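The structure under discussion appears below in the form of structure tokens.
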Amino acid sequence: MENREFARLLEETADLMEIAGDDGFRIRSYRNAAAAIAGTPARVEEMLRNPERKVTEIPGVGKGIAAVLGEIAERGSFERRDELLRKYPPGALEMLKIQGLGPKSLAVLFSHFELKTIDDLEKLCQEHKLQDLPRMGAKLEEKVLRSIAQYRKSAGRFLLSYGARVAAELTAYLGEKAGARQVTAAGSYRRGRETIGDLDLLATGVGAREALDALAGHPSVTEVLGKGENKASVKYGGEGLQVDLRALPEESFGAALQYFTGSKEHNVALRGRAQRMGLTLNEYGLARVEDGVRVAGATEEEIYAALGLAWIPPELRENQGEIEAAASGGLPKLIEVGDVRGDVHMHTRETDGRATLEEMAAAGRAMGYEYIAITDHSKALAMANGLDEKRVVAFARRVRKMGPELGIRVFSGLECDIRKDGVMDIEEDALAELDLVIASVHSHFSLEPAAMTERILRAMESPSVRILGHPTGRVLLHRDAYAYEFERVVKEAVRRGVMLEINASPERLDLHAPLIRLAKALGARFVISTDAHDPKHLANIRFGVQMARRGWLEARDVINTQGVEEFQKAIQKS
DNA sequence: GCCGTTTTCGGCCCGACTGTTTTCAGTCG
């Protein structure tokens with residue numbers, strides 16, 4: 001069993017314990033342990049078997065959790081979890097994801113109604129049954145109904161980062177187990193969509209057939225949906241991501257990769273073009289209609305070339321003008337991960353990060369960067385122990401003083417909250433001490449669009465603000481973007497030289513492609529940054545770069561592809 | 001339930017807002 005699975009069971013039990021009203025600190029211990037286990041490189045299962053090692057070596061795991069882990073390894077669950085699962089319906093965990101309903105409210109609901117599924121909950125709200133209960137009213141019912149709709153929209157989808165993890169794991173596994181030399185991920189994952197519905201893998205050459213059996217036998221596969229000569233479909237992991245693996249002859253690899261990468265719209269347009277040229281395109285190759293002779297299929301490049309097109313990067317394949325651009329030599333030279341020379345949004349232990357300034361600097365060096373910016377939270381985020389004016393100034397001084405020892409240029413920064421009325425959360429004279437201020441919205445997401453627009457415009461009036469952080473505030477699969485007049489804000493940002501962040505955190509990926517393209521057309525400049533709360537998050541930059549590519553950006557559109565001096569010029573105060 | 005030690009138990013992140021109240025519990029971040 002993978003560490004993630006142990007962590008998931010602990011986390012899930014902690015959720016149920018909240019409904020049961022267990023001691024809050026005990027619940028937090030479960031959550032801490034889950035986080036520690038998920039982040040531990042050593043395998044828990046291994047540690048449990050090895051008499052030389054103890055799981056209590058993992059910080060956050062003591063005697064109690066160690067016993068729980070042992071029980072999980074033995075039979076896949078543990079006593080307290082079973083007990084809670086008997087007490088609460090299976091839908092309880094889902095219901096906790098509905099906004100507006102926390103553990104306390106759910107406990108009340110469960111004690112009053114026969115409530116098993118989200119559907120039941122929806123019905124209760126529609127029939128206005130919640131209003132009969134203490135401290136629940138019409139507004140809550142509306143909020144819950146809205147949230148249920150949002151939840152349904154996102155059900156069955158997975159973050160791009162999860163797809164990346166599974167793709168990497170399975171590619172390595174299939175190479176090892178079946179000797180499959182060439183396993184490639186296609187589909188929306190390859191196009192870099194921010195969420196994926198399933199994972200499409202293609203295997204070709206030596207070991208491709210064997211890979212089908214190997215996949216079906218993978219320890220994390222919970223269900224084999226189907227397996228034949230050429231294709232296997234499975235459910236993978238606790239969350240049940242569907243993985244499809246296809247075994248292909250080498251001569252069709254390019255055609256299959258093209259076909260299964262999509263998007264559907266791109267492929268329809270491409271097939272239309274082929275038809276007009278007297279050709280026909282399918283997953284096996286490109287052939288002449290008149291005599292059926294194959295003209296291409298082994299690689300994507302030869303297929304696009306035979307259609308009179310430059311090879312189109314997967315991120316652009318949405319039928320949004322890329323085919324026309326490829327025909328006329330007008331494709332952009334998309335930004336690449338290697339172009340990024342500094343990460344300019346990250347947190348440390350000073351607020352809610354997990355590492356020190358020194359550790360983040362070392363991680364930045366390891367990424368090969370020339371510079372980083374440390375941008376901890378401001379005081380409005382009390383939960384994150386945000387900085388007040390005094391700590392802001394002290395921090396800026398500290399960075400200036402120790403700068404040379406860190407071995408990488410470190411800009412002193414701040415991710416400063418934009419308050420409800422648009423006023424910055426930190427006084428201007430304290431902000432002025434810093435090299436770089438990111439302005440971000442972290443509260444009052446449901447303001448009227450007009451008020452939200454004014455709020456952001458007002459924040460940009462601060463001469464210290466250089467970057468608008470995660471500009472739409474969406475949290476993937478969880479919360480929609482807040483509504484405001486995007487174009488107006490972008491125009492003002494352009495006028496003031498404020499850059500727009502492309503936040504590479506896998507839960508956000510904000511801005512997304514259509515808005516990036518729109519903003520670029522309006523003259524905006526961008527930074528791509530990870531919002532890292534841990535050194536290992538710096539690697540998420542690839543997802544941000546992929547978003548930028550989907551938005552047709554070139555390196556020159558993204559300011560942190562510039563060297564340290566150019567970047568410094570760009571962040572000079574207006 | 002974990003941790004750290006003042007070695008046997010006390011501390012563990014907390015402020016703002018919302019919708020419901022008529023003084024505050026629950027949720028969120």
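Below, chain A is the first sequence line, B the second, and so on; all start at residue 1. Not measured: the values here are computed from a predicted model.
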How many whole angstroms separate atom CD1 of A/I19 from atom C1' of B/dT27? 14 Å

Does a side chain donor of either A/E350 or A/T348 reach within less than 3.5 Å of an acceptor in the other side chain? no

Across all strands shown, which nucleotide pairs with B/dT8 by Watson-Crick or G-U wobble geometry, both distances under 3.5 Å? none

Given atom CD of A/E79 and atom C1' of B/dG1, what is their separation to the nearest angstrom? 17 Å

For A/L381 and B/dT27, what is the distance between atoms CG and C1' respectively, to the nearest whole Å? 15 Å

If you compare every side-chain N and O of A/R28 against the phosphate oxygens of B/dC13 (OP1, OP2), does one of them come in below 4.0 Å? yes

Of all the choices, B/dG1, B/dT20, B/dT27, which nucleotide is nearest to the side chain of A/K139 once you look at every atom? B/dT20

Of the candidates B/dT20, B/dC12, B/dG29, the side chain of A/R479 sits closest to B/dG29

For the residue pair A/R193 and A/S188, confirm or rule out a side-chain donor-acceptor distance under 3.5 Å. no

Atom-to-atom span, CG of A/D417 to P of B/dC28 - whole angstrom: 18 Å

As a test of reading the structure: which of B/dT27, B/dG15, B/dG29 is closest to the side chain of A/A382, going by heavy atoms? B/dG15

What is the distance, rounded to the nearest whole Å, between atom CZ of A/R349 and atom C1' of B/dC13? 16 Å

Reckon A/S105 has a side-chain N or O less than 4.0 Å from the OP1 or OP2 of B/dT27? yes

Phosphate OP1/OP2 of B/dT20 contacted by A/R135 side-chain N/O (<4.0 Å): no

Would you say the side chains of A/D531 and A/N503 form a donor-acceptor pair under 3.5 Å? yes

Look at all strands and tell whether A/I27 reaches a base, only sugar-phosphate, or nothing, counting heavy atoms closer than 4.0 Å. nothing

When rounded to whole Å, the OH to P distance for the pair A/Y30 and B/dC3 reads 14 Å

Take A/R496 and A/E492, measure what salt bridge (Lys or Arg N to Asp or Glu O under 4.0 Å) needs, and give me the verdict at the end. CA-CA 6 Å; A/R496 291 183 180 271; A/E492 186 61 12; 2.8 Å; yes

Contact class for A/G24 (heavy atom, under 4.0 Å): base, sugar-phosphate, or nothing? nothing

